[in-house]
Amino acid sequence: MPIEFTHVPGKTHPADSTVPFFYDFAETATKLSLIEDIGFQKIIVDDPGGLLTNMDIAARALDRTSSLEVVLTHWAGVIEPATAARQLAALDAKSGGRLSLRMLSEPLNDDDAEARAVGHTLIWQRIDEYLVLLKRLWSNDRPFDHEGAFYSVRGGYVPRKGPHSAEMAIRMGGQSGTALRVAGRHADVFELAPGSLDEIRQLMERVRSAAAEHGRAHKLRFALPVRIRSEDNAAVSCQKAVEIAGPPAQVALSLLPYAALGIEEFMIVGIDRPREIAMAGRETIALLRNTLARREADVPQPGAFASRVIREARAG
C-alpha cells in the first residue's frame, strides 16, 4: 500500500507570527527544495491572502520544484468558472500536470451545517455546479452555453488545456450529508476530519457510500491531517489534525493503525523549520514506509495486515 506525505505549511512563519509562510519566497524556495528532496510528494498552498494569492504562490512553487505536486486551495464564488478554468489549465500545463485542486466550503465552514442548514446547502450546491463547469470547460472541444442556479456561461471554451484535461485531481472534505454527496461525485482525494480510529473508519464508509452512487467508490484516496508535536514546534495552523507526539519511531508506530484503515496519504501539519522538515523526512517518513513494507511482506492474505494493526492499536 503506497503511502504519500503532504506538507501543510503553518499559516504563519514559525519565527514571526505576523508573517505568512510564503512571505519571503527566497527562504520558501529553499524549504521547497528540502521538502521535495526529503520525501514529501505534495505541498498545500493555502495562504491568508486568499485565492488570487494562492494562484500566484502555486505558480512560483511549481517553477521552483520539479516533482512536487502543488495542491492549490480554492473556493467557488470568487472568480467566474470560465476564468478559473483558463487560469488553472495554464498552471497545469506549465507544471507538466503537477497541479491539483483543493476545494473548500468557505465562507461557511462545514461544521456550521446544523446551525445554518440552508446556507450550508447552497454553498455545496454552488461548489457542485462550479466543479461540473470546470470539468466541462477542461474537456469540451467546442464552445458551449450554460444557465444554472449559480452560474451563467456564454461561449465557454478553454483553448489551451492542461495535461490532465478534465482529470485534474480534486480534493474535498466535510462531514455533513450535503458535503459528502458533492464529494462523492467529484473528489479524487478526501481529506478526513481527525477523530478516533472508529470515527475515521465510519467517515470513510460514508464517503465510499456517497461515491458508490456515482460508480466512484474505488476511485477515492483518503488523506488524514496529522500534527507532530515537539517541544519547539510552535507553528500556527488552523488545520484540524490528529495530534501525535513523541520521538520519530513512536510517531511512525502511531500512524500505522491509520494506514491500516486504508489511508494512503498523511498531511503533515505545521512542520515549517528546516530542521523539523528534515527530521520528519529522514526519520518519521522513512520509518513508517520501511515498517509498512516489512509488515506487508509478512502478510499472506489480503486484509490480515489491517486486522492485525488495529488489534495491536486497541490492545495498546
Side-chain angles (χ1 to χ4, degrees), residues 1-6 8 41-46 51 54 58 69-78 81 84-85 88-89 92 97-106 108-111 113 120-139 150 162 164-195 199-226 239-241 258 261-267:
M1 177 175 54
I3 294 291
E4 293 187 335
F5 289 86
T6 298
V8 184
Q41 285 76 41
K42 305 173 186 178
I43 185 167
I44 301 287
V45 174
D46 182 9
L51 175 55
N54 283 349
E69 180 179 320
V70 174
V71 180
L72 173 63
T73 302
H74 197 63
W75 301 267
V78 180
L88 292 168
D92 191 41
R98 290 188 290 121
L99 184 71
S100 61
L101 196 60
R102 182 176 183 241
M103 292 298 302
L104 298 187
S105 63
E106 288 185 4
L108 294 180
N109 294 324
D110 189 56
D111 53 12
H120 176 83
T121 299
L122 289 175
I123 287 293
W124 280 101
Q125 289 174 344
R126 182 173 66 179
I127 291 172
D128 184 30
E129 184 178 341
Y130 185 83
L131 288 173
V132 167
L133 281 170
L134 286 187
K135 292 178 180 180
R136 190 175 178 188
L137 286 159
W138 288 332
S139 59
F150 301 94
H164 285 151
S165 186
E167 302 302 321
M168 185 185 297
I170 305 294
R171 303 170 66 98
M172 304 180 79
Q175 298 182 69
S176 71
T178 302
L180 297 193
R181 283 192 292 273
V182 178
R185 183 180 184 184
H186 295 289
D188 300 292
V189 178
F190 188 88
E191 296 183 4
L192 295 158
E199 289 170 338
I200 291 172
R201 177 185 54 76
Q202 290 171 17
L203 179 56
M204 292 170 70
E205 290 174 355
R206 291 177 63 206
V207 177
R208 287 194 184 103
S209 178
E213 296 181 11
H214 303 278
R216 306 184 66 252
H218 300 293
K219 296 182 179 180
L220 276 171
R221 291 170 57 89
F222 290 95
L224 180 70
V226 174
Q239 176 84 38
K240 296 178 181 179
Y258 297 101
L261 290 177
I263 294 168
E264 298 178 70
E265 178 185 337
F266 290 112
M267 303 167 63

Legend entry - Which residues share a side chain to side chain contact (heavy atoms under 4.5 Å, CB included) with Asp128, sequence neighbours left out: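 Residues passing side chain to side chain contact (heavy atoms under 4.5 Å, CB included) with Asp128: Val132, Val182, Arg185, His186.
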Legend entry - Listed partners of Glu213 passing side chain to side chain contact (heavy atoms under 4.5 Å, CB included), at least two apart: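 Expected list: none.
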Quick one, [X] and [Y] - any side-chain contact, counting heavy atoms below 4.5 Å?
| X | Y | result |
| --- | --- | --- |
| Val45 | Val71 | no |
| Ile263 | Ile200 | yes |
| Leu203 | Phe222 | no |
| Ser176 | His120 | yes |
| Val226 | Met267 | no |
| Leu220 | Val189 | no |

Does [X] reach the main-chain N or O of [Y] with its side chain, forming a donor-acceptor pair under 3.5 Å?
| X | Y | value |
| --- | --- | --- |
| Glu69 | Gln41 | no |
| Trp138 | Ala85 | yes |
| Arg216 | Gly184 | yes |
| Ser209 | Glu205 | no |

Inset, instruction - Taking only Lys NZ, Arg NE, NH1 and NH2, and the carboxylate oxygens of Asp or Glu, determine whether Glu191 and Arg102 approach each other closer than 4.0 Å. - result: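 Yes.
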Legend entry - Lys/Arg-Asp/Glu bridge criterion (N-O < 4.0 Å) met for Glu264, Arg221: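 Judged by the 4.0 Å cut-off on N to carboxylate O distance, Glu264 and Arg221 do form a salt bridge.
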Looking at [X] and [Y], what are the two nearest heavy atoms and their distance?
| X | Y | value |
| --- | --- | --- |
| Ala179 | Gly173 | CB-O, 4.1 Å |
| Gly174 | Phe190 | O-CZ, 3.1 Å |
| Asn54 | Thr73 | ND2-O, 3.2 Å |
| Leu133 | Pro81 | CD1-CG, 3.9 Å |

Inset, instruction - Test side chain to side chain contact (heavy atoms under 4.5 Å, CB included) on Tyr258 and Leu192 and set out the steps. - result: CA-CA 11 Å; Tyr258 297 101; Leu192 295 158; over 6 Å; no
Legend entry - Geometric class of the Phe5/Phe266 ring pair [parallel <30°, tilted 30-60°, perpendicular >60°]: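 Plane angle between 30° and 60°, so tilted.
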Inset, instruction - Indicate whether any N or O donor in one side chain lies under 3.5 Å from an N or O acceptor in the other, for Thr178 and Arg181. - result: yes
Inset, instruction - Start with the C-alpha distance between Leu104 and His74, add both sets of side-chain angles, then the distance that settles side chain to side chain contact (heavy atoms under 4.5 Å, CB included), and finish with yes or no. - result: CA-CA 6 Å; Leu104 298 187; His74 197 63; over 6 Å; no
Between [atom1] of [X] and [atom2] of [Y], what distance do you get to the nearest 0.5 Å?
| X | Y | atom1 | atom2 | answer |
| --- | --- | --- | --- | --- |
| Asp92 | Leu72 | CG | CG | 11.0 Å |
| Ser100 | Leu88 | OG | CG | 10.5 Å |
| Leu134 | Ile127 | CG | CD1 | 11.5 Å |
| Lys219 | Arg208 | NZ | CZ | 15.5 Å |

Legend entry - Chi angles and distances behind the side chain to side chain contact (heavy atoms under 4.5 Å, CB included) call for Met172, Ile170: CA-CA 7 Å; Met172 304 180 79; Ile170 305 294; 3.9 Å; yes
Legend entry - Test salt bridge (Lys or Arg N to Asp or Glu O under 4.0 Å) applied to Glu265 - qualifying residues, sequence neighbours left out: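 With neighbours one apart ignored, the set is Lys42, Arg171.
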